[in-house]
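Everything on this sheet refers to the single structure shown next.
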Amino acid sequence: MSAVAAFFNPTRQTRVLPGFGLSIGYTLVYLSLLVLIPLSAVFLKSAELSLAQFWDVVTAPRVVASYKLSFGASLLAAAINAVFGLALAWALVRYRFPGKKLIDALVDLPFALPTAVAGIALTALYAGNGWVGSLLEPLGIKVAFTPLGVLVALVFIGVPFVVRTVQPILEDLETELEEAAASLGAHRWTTFRRVILPILTPALLTGFALAFARAVGEYGSVIFIAGNMPMVSEITPLMIITKLEQYDYVGATAIAVVMLVLSFVLLLVINLLQAWSAKATGRNR
Amino acid sequence: MSIQVQDIHKQFGNFTALDHVTLDFPTGELVALLGPSGCGKTTLLRVIAGLETADSGRVILEGEDASGTHVRERQVGFVFQHYALFRHMSVFENVAFGLRVKPRKERPNEAEIRKRVHRLLELVQLDWLADRYPSQLSGGQRQRIALARALAVEPRVLLLDEPFGALDAKVRKELRRWLRHLHDELHVTSIFVTHDQEEALEVADRVVLMNKGRVEQVGTPQEVYEHPATPFVYGFLGAVNLFHGRVDGEHVQVGDAVLPHDGRDADHGAEVVGFARPHELDIVTDPAATAGVAAVVSRVLAFGASARVELDALEGAAERGEPTHYEVVLTRERVTELALTEGQQVRLVPSSLRVFPREAA
């Protein structure tokens, strides 16, 4: 442990709180056991395939269609949640209304609800004979058993992320900033766009990234409402399960590897954007 | 530009922030709204700015009723206690904000904006900080930038809400001298809110003293300091000694002592409270003297240009509901001459005593 500490902290500065060695050691062991080793196992397992075989598995038309749906719908759902999550956080922070505490608590429900329950409930609502579905059907809008249904499920499970990341920042935002902008002649929209939004952007991006990551990995709520039609409404996690059910463990891990890499790259990009915007809003100075 | 407020009333629940306030701020003056916290001074400033709406009454800017005008159309510059700078914008962009958000046809071009912002930054002597961000500035610098930002839109009035409240004593003193200087240069009608009487007296052309949502007195710093209109003003503008007594013609009977008074507001036989500033009292050590109020020396603080003597009243004062402490400021020579010792019984003789009826005090 002390060797690790010496490596990370060669100058051995005295700190007010001791325990750097202990905490970094714990962090590394913990991360290795729970995250790094299982993830590298995925890579190792998929290495049983030759490069050509690997390529064949991960570029099969059905699988490619599932990437498009999974990543497309997840990005879209995260974007929708960014907009409406911001609105929801705004309402919760800025206004007082009856039932505010209740709504505040409801926001977290998608976290707690077993995803299968959510999926079944959504399917029942949006199916052709459901409460909402029966209203949409005559308009020619089908939700359940289509990619639109997948989107609905992903929006549902992503709601809390943006709200919970933006809320504390909004609470800290002095109304004086808006008053200052107004006294300088700025209209409401200008004030929002040029004063408030830039300050919220880092938190919004964090919320977006979390909602996106959650949506990419989502399985339970989606499979019920998606209908799982090949080439149309199959998500990538379903493709992995399908392979597993056929005892094609290597194929399953190959797809998992692609998912991991794609997700990692996208999250890295979002994180870089977030860091950049945090810097641009003067928070890391 | 002149500002008038007429019969402004503002209520927050059960709390009356402004109780039918009527005031007149003449063009080009720097006026201080002075009072303890919760006296309504900030609310009044915010009502004038349009950040708060009064329950009743009118705000008149340059003879025009502005009560219904939105803050962004009132052309008032507002400076906040905690600066309210936009932290994601550089100092330059902060100052330029007011120019950039103007409607397209009024908006100056980029070169003009650049010129005007730099002129303002020079005015507040911070041109060299144009590219910094607010978090990289000291408190005093931030407030100067906030002022430059407010001035950028060429406001008709400048309103400052406790502009130096968040700064340390030294910077505060520096900035208020600087603000006075700036005002002499620009002559824009300005109102600033403060709870620091020294600040108000030092900087303002005119001081408005407020208490519990009402205006107690309006006047030049000298007027309000030398001729306080009410006991509140007397007490708020500096240390004060109180003497409870009864008017007896030209004199006030305080315990066994007879003191002369200034003669105003004093009916024969009325119960009064006499007010005297620490420097308006002299100490008599002669045990045979009968003039003046008896007191016991408790501490002599002889440093600086003048010396301060703290005294206790004789026993029994507290039971009678009378003040138990006195404070006297003397010259150092006088203190040396008196050779006071702790516990010594002396008499206090006021050179001037302002009396107010007991119930008002």
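Residue-environment remark: CG (B:Asn109) exceeds the threshold of 12 foreign heavy atoms within 6.0 Å. The 12-atom threshold is not exceeded at CZ of A:Phe264, counting heavy atoms of other residues, nucleotides or ligands nearer than 6.0 Å. Counting non-hydrogen atoms of neighbouring residues, nucleotides and ligands closer than 6.0 angstrom, the NZ atom of A:Lys100 exceeds 12 such neighbours. Other residues, nucleotides and ligands place more than 12 heavy atoms under 6.0 Å from the CD atom of B:Glu106. In this structure, B:Phe12 places its CZ atom where more than 12 heavy-atom neighbours from other residues, nucleotides or ligands lie under 6.0 Å away.
Applying the salt bridge (Lys or Arg N to Asp or Glu O under 4.0 Å) test to pairs two or more places apart or on separate chains, none has a residue in residues 74-92 of chain A. Within the structure, every pair that satisfies the side chain to side chain donor-acceptor pair (under 3.5 Å) test and touches residues 21-36 of chain B, not counting sequence neighbours, is listed here: B:Glu29-B:Arg206. Each side chain to side chain donor-acceptor pair (under 3.5 Å) pair with one or both residues in residues 205-214 of chain A, not counting sequence neighbours, appears once here: A:Thr206-A:Gln274, A:Arg214-A:Glu218.
Contacts between B:Leu85 and chain A at a heavy-atom distance below 4.5 Å involve the backbone alone (N, CA, C, O). The parts of B:Arg149 that come within reach of chain A are both its backbone and its side chain, each placing non-hydrogen atoms under 4.5 angstrom from that chain. Contact of B:Ala152 with chain A is not made at all, since no heavy-atom distance falls under 4.5 Å.
A heavy-atom distance below 4.5 Å is found between the side chains of B:Phe97 and A:Val195.
Residues of residues 174-194 of chain A that come within less than 4.5 angstrom of chain B, heavy atom to heavy atom, are A:Glu176, A:Leu177, A:Glu179, A:Ala180, A:Ala181, A:Ala182, A:Ser183, A:Leu184, A:Gly185, A:Ala186, A:His187, A:Arg188, A:Thr190, A:Arg194 in numerical order.
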